[in-house]
Amino acid sequence: MNRREAIRQLGVGAALPVIGDLTFAELLEVGRGVRSGLGRPETAVLLALTERQAMTVASLAEIIIPRTDTPGATDVGVTTFIDRIVAEWYTDEERGRFEAGLAALDARARQLFGVEFLQAGSAEQEILASELDQELQAAIQRDRERPSGQGSRARDLFFYQMKRLTLTGYFTSEVAMTEVLGYRIVPGAYQPCIPLDP
Amino acid sequence: MSRSLTISAAGRARRQTHDAIVVGSGMTGGWAAKELTEKGLDTLVLEAGPEVVPERDFSEHVPPWQMPYRGLGDRAALEREQAIQSTCYACDELGRSFFVNDLENPYVQEKPFLWIRGRQVGGKSIMWARHSYRLSDLDFEANAREGVGIDWPIRYADLEPWYDYVEAFAGISGMAEGLAHLPDSRFFPPMPLNCVELHTRERLMQAFGGGRVLTIGRQAIITRDHNGRRACHYCGPCERGCITRSYFSSVNATLPAARETGRLTLRPGSVVHSVIHDPATGRATGVRVIDRETQEAIEFFGRIVILGASALESTRILLNSATAEAPDGLANSSGALGHYLMDHHMGNGAVGRFDGWENEFYSGRRPTGFYLARFRNVDERHPDYLRGFAYQGSAYRAGWNRGVAEPGFGAEYKERISRPGPWELSFYGFGEMLPRYENQVSLDPEAVDAWGIPVLRIDCEWGDNERAMMPDMRSSAAEMLVAAGARDVRVTQEDNPPGLTIHEMGTARMGRDPATSVLNGNNQCWDVPNLFVVDGACMTSSANQNPSLTYMALTARACDYAVERLRRNEL
């Protein structure tokens, strides 16, 4: 299967095992194949991330919100959103933590599997994501047990940033809001008590 | 003493005379414009900010995916230009256009005070939270009964017909409850409570013998078509405007009515510097304006002047109108001007989870929550503090935002957080603040804003009575959640400084005695009979209800009085 064929197939609903092999521009092509969820015109120009970082972000975002019977993170262009937030919205300190988190992810992958994150297989990538999520959940638990008023530690973690940006980018996209959440701009009425699953 | 202002030759050549000048085009300025023009007065409305055109400037139907930051806002711009304004939830990615630029509009915080301002046609009536509640004699009599501050010069009976009057035009949706201390309005059909809110209302009725009433928030939003305005369509982000004019704002309702008369002249971009006062007659003759764009100083003249620029802006104008005869500010022979600043303290409450109703949900974005009416110091005296508080809140199912704190990722996780989370219900308290002389504003002797007008120094903090009330607001909310059957109940508090509730009041209070108050019972300056202050500056006490409805009623009443006196040549 050549690259062009792989991209075409990704756009029509195949799984994403080869995502690590794609360039960022090609990933965008995948997103366009479904539908763009971005307010600004999509551009292949990255604002903050290197192409390699963007591909790591895309892989991780897809692990968090994979394509199922509904579109996944890559389908709705989450990486472009994350790149913009890291470039224009994050403080220098937050940007530094995000980039350090990506580097640490590669270091951990090398340590455990002898390859960088993008070269690891999907099972290995999920193991790495599991570790990051367990550390995040433990930090959230510690925050809850600590008296209020002290700075949060969970928020300082790379995986907190990654999860928050992925969820925000995904669930504020047109595709996810309209197809997954059933959002309508003008509902027309408020129905106070209706069955969730009719 | 005001610094001198040079009126240009061009400014003098264009001097205009009107029957009435209204300063401000928001909640109260809009009402003054409507009332005065409908009563036949040629009325000039001066607005410091730009024009607002709903079809161009309202953005409530822009979905998140069309925003560059998906609703997170242009953080760098917000931090640079609106560090204070963006502490208000409504000053977000799109809503920020309705809040002032903090760099152009500085002020001095002697103590922490968040001064949230909207300078445009419509003022803060565009971004207000629309909760509308009548005051009662429990509020109007409180100062006199407890020996706090001074007595209100009016009682509920004075204002009741004017509540009726403004409600008939504005349109308040809500549910009649028959509470003497929270009088019912002339309601449009209520928006419904959802199933967990209804359950909680019934449980509280049983548990507290009818003493704790949870009702739907009373909102200045019409639920059926009215006066050419369309019923609410539940799109959600009211603070960004309302193209169907469903909620009440001056842009949506009063200014169009004033325009209809043919007697309205609205001049945006008019930053009022001071009131012109003729010491020979003791009357106001007009106002001095700095043009927002050209910085040119211009004078306008009128037979009466109505200040409705917001509590602190109207007070600032009076302080800046000092003359040799009135060195401490115009209409300030009492020395009360600038003092007795109040806000409501908010954010003390509790939240809890409700098991059950797993297959119950709601659709549409209801632009209000519930209101739990005041219950403290109504019949019995609380040992720790005076006055009381109410709660706003809602029952809801958490959305995808909860996903960061939920373990997992992948297909199962995606499916789980795509569905609504468990039911929660929150109580969010709003408490009364007592008037204290020490809570005050004054003009800074040095600093000026972008138009050369002296800025305010604000010196305000919560007092002992407010602080004594806060723990009870938390524990009473928790107590009610437990009574309603919630689990995982936890108390909440925000520790906001004054200002953030955006219910600034006092600083030109009404009273019965010219020696202790700035205004009489008709919002008329004791010292300057043809000068009126109709916004929140007039409030003698704060009550705990959201105050805008009362400002509307007071403004309509004051305008009726002013026109009547004008006709009889008594002004």
Side-chain angles (χ1 to χ4, degrees), chain A residues 36-40 60 63-68 70 72-73 76 81 84-85 88-91 126 129-130 133-134 136-137 140 144 148-149 154 160 163-164 166-178 180-198, chain B residues 60-76 79 191-198 223 232-236 244 357-368 397 399-415 417-420 492-493 495:
Chain A
S36 163
L38 288 171
R40 285 190 205 158
L60 207 45
I63 287 171
I64 294 168
I65 302 288
R67 180 189 294 168
T68 53
T70 56
V76 304
F81 168 73
R84 178 177 300 153
I85 293 296
E88 299 176 2
W89 200 87
Y90 267 1
T91 62
E126 291 213 7
S130 273
D133 194 48
Q134 279 162 20
L136 170 61
Q137 300 308 322
I140 289 170
R144 283 195 184 125
S148 63
Y160 175 96
K163 223 167 160 178
R164 176 163 188 240
T166 301
L167 294 186
T168 303
Y170 182 74
F171 285 109
T172 60
S173 71
E174 181 174 9
V175 172
M177 284 193 84
T178 56
V180 179
L181 301 176
Y183 175 89
R184 284 172 298 156
I185 292 172
V186 177
Y190 176 72
Q191 296 177 282
C193 307
I194 56 169
L196 182 57
D197 296 312
Chain B
E60 74 275 19
H61 292 160
V62 177
W65 63 81
Q66 288 181 1
M67 304 177 202
Y69 301 101
R70 302 285 183 86
L72 297 177
D74 184 341
R75 185 180 178 185
E79 286 176 358
M191 295 180 183
L193 295 168
N194 65 39
C195 30
V196 173
E197 293 164 346
L198 271 176
T223 45
C232 177
H233 54 271
Y234 299 92
C235 73
T244 55
W357 298 279
E358 281 93 0
N359 199 37
E360 299 290 328
F361 199 40
Y362 41 81
S363 76
R365 290 176 289 281
R366 187 185 59 187
T368 187
R397 297 187 70 162
W400 56 264
N401 253 316
R402 73 190 192 280
V404 179
E406 287 209 3
F409 52 80
E412 181 277 330
Y413 169 82
K414 176 189 174 191
E415 167 69 15
I417 62 169
S418 294
R419 294 171 62 83
T492 54
Q493 69 184 96
D495 301 321

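Below, all heavy atoms of this structure are taken into account, side chains as well, without hydrogens, waters or symmetry copies. Letters go in sequence order (proteins before strands), and every chain restarts at 1.
- For chain A, no part of B/E415 is nearby; none of its heavy atoms comes within less than 4.5 Å.
- Neither the backbone nor the side chain of A/T166 comes within contact range of chain B; no heavy atoms are under 4.5 Å apart.
- Here B/C235 is the residue among B/G236, B/C235, B/A76, B/G399 with the most heavy-atom pairs under 4.5 Å with chain A.
- A donor-acceptor contact shorter than 3.5 Å links the side chain of B/Y413 to the backbone of B/G403.
- Within the 3.5 Å criterion, the main-chain N or O of B/G408 finds a donor-acceptor partner in the side chain of A/D133.
- Looking at A/I63, the atoms closer than 4.5 Å to chain B (heavy atoms on both sides) sit in the backbone and in the side chain alike.
- The heavy-atom pair separating A/I194 from A/Q191 by the smallest distance is CG2-CB, 3.6 Å.
- Looking at B/P367, there are no atoms closer than 4.5 Å to chain A (heavy atoms on both sides), in backbone or side chain.
- Of the two parts of B/L72, the backbone and the side chain both hold a non-hydrogen atom closer than 4.5 Å to a non-hydrogen atom of chain A.
- At least one donor-acceptor pair under 3.5 Å links the side chain of B/R397 to the backbone N or O of B/E360.
- Side-chain atoms of B/R365 do not come within 3.5 Å of backbone N or O of A/Y190 as any donor-acceptor pair.
- No part of B/E60 comes within reach of chain A, as not one of its non-hydrogen atoms sits under 4.5 angstrom from that chain.
- If you measure heavy-atom distances from A/L181 to chain B, the contacts under 4.5 Å come from the side chain alone.
- Using a 4.5 Å cut-off between heavy atoms, A/E126 touches chain B through backbone and side chain atoms alike.
- Ranking B/P420, B/A411, B/A405 against chain A, the residue ahead of the rest is B/A405, based on heavy-atom pairs under 4.5 Å.
- Note: A/Y183 and B/W65 have perpendicular aromatic rings, judged against thresholds of 30 and 60 degrees for the angle between ring planes.
- Contacts with chain B were tallied for A/R164, A/R184, A/K163; A/K163 has the most, counting heavy-atom pairs under 4.5 Å.
- Of the possible polar contacts, none joining the B/K414 side chain to the A/I64 backbone as a donor-acceptor pair under 3.5 Å is found.
- Using a 4.5 Å cut-off between heavy atoms, B/R419 touches chain A through its side chain atoms alone.
- Closest approach of B/H233 and B/T244 over heavy atoms only: CE1-OG1, 3.3 Å.
- Looking at A/D197, the atoms closer than 4.5 Å to chain B (heavy atoms on both sides) sit in the backbone and in the side chain alike.
- For the set A/T70, A/T68, A/L167, the entry with the most heavy-atom pairs within less than 4.5 Å of chain B is A/L167.
- For the residue pair B/G73 and A/W89, the shortest heavy atom distance occurs at O-NE1, 2.9 Å.
- Options B/P64, B/P63, B/G71, B/S363 differ in how many heavy-atom pairs under 4.5 Å they form with chain A, and the most are formed by B/S363.
- When all heavy atoms of B/N194 and B/R366 are compared, the pair lying nearest together is N-NH1, 3.8 Å.
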